[in-house]
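Numbering of ligands and ligand atoms starts at 1, following listing order. Quantities reported herein were computed from a predicted structural model and do not represent experimental measurements.
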Amino acid sequence: MSDQRLPSVDELDVSGKRVLVRCDLNVPLNDGVIGDDMRIRAALPTLRALLDKGARLVVCSHLGRPQGRVDEGLRLAPVGARLSELLEREMTIVADVVGAEAVEACASDAEVVLLENLRFEPGEEANDPDFVGALSSLADAYVNDAFGASHRAHASIVGPPGRLPSAAGHLLHDEVAKLERLLHEPDRPYVAVLGGAKVSDKLDVIGNLLDRVDAICIGGAMAFTLLVAQGSDVGRSLVEDDRVDDVRGMLARAEDEGVAIHLPTDVVAAQEEGSPHETVALADIGDRMGVDIGPTTIGEFAQTIIGARTVLWNGPMGIFEIADYSAGTLAIATAIAEATAEGAFTVAGGGDSAAALKSFDMTGAVSHLSTGGGASLEFLEGKDLPGVTALSKATDTKKGRA
Ligand code: 3PG
Ligand code: MG
């Protein structure tokens, strides 16, 4: 999928028009308090550009997974309040998605309307044509800027491009361009650093990267399934037994491709999450489980990262939310920051990597911090994202051009 085919918001004729903008404002929310507003901030450039061109906006997003029903805890009002503050504009926040209140607000002069949580409507996830029709009828043009949700073939993502002049927002465009750099002619050496709990979530990404990267450093609980596949004893560490054969096949392919796979040789070991810990060689793990990578492993991973010209990072090296088990993830973030400072192109994707960088106050450590978790993984797996495909088709038919 080439971003060349994505119609740009800059070419869309929006002056005096009402533009439906699909954003991914799915932020962590606790009792109405926003945990991290990165996705709201990331939506601002496109919204500002459209307002500057004289458009009136109808902004929409999902929040959480309410499964087609109204969930009072997942109303978009707190998100709208923050968006209004950051955008420095009045916002008309309506309490329905395509009902009478939404229709009336969109027909009014209101400069910015925010629709209620799209997933309160069963038609959103079902990609119901009637719902697509109702949503599209609220506006004269459509912009998709929801990179983080563009792997979902949901109504608000794939429907409007078939009905309205459509374009990709700046965030969607930028994410696609940055992630494409990781798949096409990356500067070498190219190192992938992968972590997180489950190897099953990452096997397709590894499969697509094996003929591109020079080395892969693997930490987090997912490393233990690889270590078991190599015949190591990993104590009571998390292992996906049903994936050991797949992993053996992947390791054999890595050897054929000449890709170095770096795995932990020492770990922080504990009886259970939160109990006292000790750093040991992997061979001495006994009946404990690994909760972070150890200093020898950190040294090896860091050396590989610092020598790279391109780095992709997805997933923490241990249970970084617990301070005692965060040293590995912090050291990897620090090594990536050093590579970035040396001019390497570095990308972090996935909600946990973003949360880790944020908790270390290091969001500036990478060249690009993706707003997408599942979406960035699917992109790097080599899959076409439904939201990107829908916009590309709109371009092919010259729909969506000014
Ligand atoms: C995300 O947070 O991954 C996106 O907003 C998509 O949400 P979803 O995984 O619930 O579809
Ligand atoms: Mg997700």
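Under 4.0 angstrom from ligand 1, there are no non-hydrogen atoms of His154. Heavy atoms of Glu125 found under 4.0 angstrom from ligand 1: none, in either backbone or side chain.
Close contacts between ligand 1 and Asp24 involve ligand atoms 4 (C), 5 (O) [criterion: under 4.0 Å to a heavy atom]. Interface atoms of ligand 1 facing Arg65, defined by a heavy-atom separation under 4.0 Å, are 8 (P), 9 (O), 10 (O). Residue-ligand proximity, Gly148 to ligand 1, at heavy-atom distances under 4.0 Å covers atoms 4 (C), 6 (C). Contact atoms of ligand 1 toward Asn26: 1 (C), 2 (O), 4 (C), 5 (O), 7 (O) (distance under 4.0 Å to a heavy atom of the residue). Taking a cut-off of under 4.0 Å to the non-hydrogen atoms of Arg119, the atoms of ligand 1 that pass are 7 (O), 8 (P), 10 (O), 11 (O).
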>> Go through it in stages, so that I can follow the logic: the residues are Asp287 and Arg236, the test is salt bridge (Lys or Arg N to Asp or Glu O under 4.0 Å), and I'd like the CA-CA distance, side-chain angles, deciding distance and then a yes or no.
In response: CA-CA 6 Å; Asp287 67 348; Arg236 286 194 303 110; 5.2 Å; no

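Taking only nitrogen or oxygen atoms, main chain and side chain alike, His151 does not reach within less than 3.5 Å of ligand 1.
When all heavy atoms are compared, the tightest approach of Val143 to Ala168 is CG1-C, 4.2 Å.
Within the 4.0 Å heavy-atom cutoff, Gly373 does not count among the residues contacting ligand 1.
With hydrogens and angles disregarded, a donor-acceptor distance shorter than 3.5 Å links the side chain of Tyr142 to the backbone of Ser156.
Pairs of residues two or more places apart, or lying in two chains, that qualify as salt bridge (Lys or Arg N to Asp or Glu O under 4.0 Å) and include a residue from residues 348-377 are Asp36-Lys358.
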